[in-house]
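Naming: A, B, ... by sequence-line order, numbering from 1 per chain.
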Amino acid sequence: MLPRSCPALPRRERRQQTLHSAALPGMMPLSFPGVQRTGMNLLSLLQEKLTAALTGLVPHPETYGALVRPTQDERHGDYQANAAMPLAKVLGQKPLDVARRIVERLALDDVVEPPAIAGPGFINFRFRSDWLARQLQAAAADDRLGVSSTARPRTVVIDFSSPNVAKPMHVGHLRSTIIGDSLTRLLRFLGHRVITDNHLGDWGTQFGMLLYGYKHYRNEEALRTDPVREMARLYVKVRQEIAAGEDEAEEAANPVAEACRQETAKLHAGDEENVRLWRLFMPWCLADIERIYRRLDVRFDHTLGESFYHPMLADVVQSLLDRGIAQKSEGAVVVWFGANEPPALIRKKDGAFTYMTTDLATIRYRVETWKPDAILYVVDFRQSLHFKNLFDTARRWGYDQVELVHVSFGSVLGPDRRPIKTREGGAIELEQLLDEAVARAEQQYERTREERLARGEEVPELGADERRQVAETVGLGAVKYADLSQNRESDYVFNWDKMLAMDGNTATYMQYAYVRNRGIFRKSGAAVEPFRTEPPEPTLTHPAERALALQLLRFSETLQAAAIEYRPHLICGYLWELAKSYSVFFQNCPVLRAETSVLTRSRLLLCDLTARTIQRGLDLLGIRTVERM
RNA sequence: GCCCCCGUAGCUCAGGGGAUAGAGCAUCGGUUUCCUAAACCGAGGGUCGCAGGUUCGAAUCCUGCCGGGGGCACCA
């Protein structure tokens with residue numbers, strides 16, 4: 001069996017599921033199911049106020065009330081409402097007149113400056129600085145940084161990572177693993193009940209290969225001392241043998257491959273010896289992938305692989321036949337979709353079941369066991385047809401209340417835009433990649449340290465342990481962030497230098513912003529606690545202070561948008577903007593040397609809230625921070 | 001053959017009805033008696049693949065074409 005997230009060729013797919021009903025093209029959803037519109041959500045606040053102003057004035061006020069966007073140019077204010085132009089036609093009035101009537105009815109006096117009407121009918125909002133300051137003060141006193149917890153928690157099963165065991169994890173598994181983990185963290189933070197389930201490929205042909213390898217090439221000594229490594233060796237050995245036999249005879253039977261297939265078939269048929277060996281191998285295989293998950297800081301609530309569902313498959317097929325959803329055809333059992341569309345097999349003519357059967361059994365099990373509102377599949381784009389068929393079949397089968405979503409992502413490509421390979425043509429092993437990232441981070445630390453010394457700067461002298469810790473955190477953060485910061489639906493061109501770059505929109509930049517921030521507190525001896533328990537109301541007089549404050553208060557709407565569309569890269573984009581705002585602030589607004597102690601306290605509040613927001617944002621991406629680097 | 005996706009700056013990518021299309025890298029120029037220079041500031045660089053259409057308004061929606069990729073019973 002192929003892993004679900006094998007490295008692959010490309011392409012993105014549009015959202016398959018609509019979580020909100022957009023009445024107008026391009027409008028932002030007014031609300032996300034289960035997410036309360038309260039707290040510091042600036043966008044929602046304006047949308048609500050606008051909707052209230054439109055109520056009684058126009059039909060479908062919430063549709064037009066939702067047409068609020070951040071401005072692209074700060075000269076136009078902070079946010080803009082675009083409702084007047086489309087409403088002009090509906091009401092048969094001039095857009096500027098409509099805009100004026102809307103503004104007259106808005107109840108936002110204590111929140112925004114008097115709105116400006118500009119251009120063809122844009123209504124521009126600029127928040128009052130004193131209002132922003134009070135919101136910031138409230139956010140600082142809040143563990144959740146002003147982000148509301150959901151009013152209606154949903155139960156969501158997230159199916160991600162799902163590698164084949166019995167062979168080393170490779171770079172192709174990375175995207176599913178870290179996107180799925182990030183979505184888990186995000187939805188949990190917003191208050192949803194998330195159940196993570198690693199749907200392992202633990203029952204397929206790769207086990208046949210292991211069985212064949214074990215029977216022919218095992219090294220007893222190696223198995224005793226390091227079974228995991230021996231498993232990997234056997235797998236590679238067998239795969240090489242199969243590959244060697246493929247060149248001459250593409251179509252002709254490959255004796256080794258055929259032998260492996262037979263081992264697999266025997267396993268499925270319950271052959272005593274093979275089942276015993278399967279039970280022997282599994283813990284070793286699990287230990288191997290578990291090591292990587294630990295390093296990546298990824299945990300699963302359940303690891304129910306394909307083998308778990310094996311006993312249920314015959315009943316699944318029978319049930320689908322009984323209900324007339326599946327038909328027998330050419331000796332197989334299939335489910336038909338459209339007249340011109342090929343069917344999906346749920347039982348092959350040799351009696352074997354397919355991954356469609358397993359996935360159907362899995363849906364039934366999950367729905368009956370956990371009663372989820374939604375099941376997310378974080379899987380390679382190329383399986384979109386499979387999921388379309390799977391979801392269609394499941395709904396016909398009666399599972400039409402659960403929302404089934406294929407959270408698809410693009411492929412990992414090499415510099416030649418072909419699927420990423422090592423020089424030898426194999427997949428890049430995940431662990432090697434992580435080691436390389438950490439090694440590069442360590443080299444970067446060395447280089448930077450020498451440059452700092454050459455400039456006569458103070459250098460934080462890290463002990464060996466802390467240095468390793470920094471390298472691990474920075475290196476893994478770089479790898480994760482490089483992937484997560486890209487729209488998941490795009491193909492991902494793998495590039496060492498870009499992935500491990502420490503400039504620009506990278507985890508390192510964010511981690512560094514955090515470190516500089518913490519340095520201020522360390523240097524001054526100021527404690528952070530008072531800024532969290534009894535925060536002062538900050539003064540926002542410098543443009544850099546105001547811009548930073550505004551960005552900090554956009555955290556809530558960012559997380560909401562990321563959750564609606566299952567797009568972690570929105571968080572990355574936000575953090576990048578936040579870190580840039582902080583940099584400008586840092587450059588222009590001395591903190592410890594501010595003119596007054598009141599201003600110092602105000603700026604320390606901004607610093608601490610920035611640090612906490614960066615730390616929280618990175619945490620939602622599965623990335624850690626360090627105190628010094 | 002049928003279906004799906006993509007084409008935006010030299011490169012890698014955001015933006016997917018709203019104001020003059022953005023960022024990073026790369027290139028060029030500048031910044032350190034100052035809280036970490038793994039930083040900051042500035043400059044150049046685009047016919048948003050092409051052509052029609054819808055709209056007050058299109059990179060964004062529709063149609064066609066060109067180029068690239070993927071998927072399409074007995075692998076998963």
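- A donor-acceptor contact under 3.5 Å is formed by the side chain of Arg75(A) with the base of rU20(B).
- A 3.5 Å limit on both hydrogen-bonding distances identifies rG1(B) as the Watson-Crick or G-U partner of rC72(B).
- Of the nucleotides present, none pairs with rU55(B) by Watson-Crick or G-U wobble criteria with both distances under 3.5 Å.
- If you check distances only, the side chain of Ser485(A) never reaches the base of rA14(B) with a donor-acceptor pair under 3.5 Å.
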Exercise for review: Give the C-alpha distance, both sets of side-chain angles, the deciding distance and a yes or no for salt bridge (Lys or Arg N to Asp or Glu O under 4.0 Å) between Glu446(A) and Arg467(A).
Suggested key: CA-CA 10 Å; Glu446(A) 270 310 320; Arg467(A) 228 165 101 164; 2.5 Å; yes
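- Here the P atom of nucleotide rC6(B) and the CD atom of Gln486(A) are 14 Å apart, to the nearest Å.
- Judged by atom type and distance alone, Asn124(A) reaches the base of rA19(B) through a side-chain donor-acceptor pair under 3.5 Å.
- In terms of polar N and O atoms assigned as donor or acceptor, the side chain of Tyr512(A) never comes within less than 3.5 Å of the base of rA38(B) in a complementary pairing.
- Following rounding to the nearest Å, Tyr355(A) (OH) and rC74(B) (P) show an atom-to-atom distance of 11 Å.
- Spacing of C1' atoms, rG18(B) relative to rU36(B), comes out at 42 Å, to the nearest Å.
- The aromatic rings of Phe531(A) and Phe521(A) sit perpendicular to each other, their planes meeting at more than 60°, with 30° as the lower class boundary.
- Aromatic ring orientation, His310(A) versus His268(A): tilted (interplanar angle from 30° to 60°).
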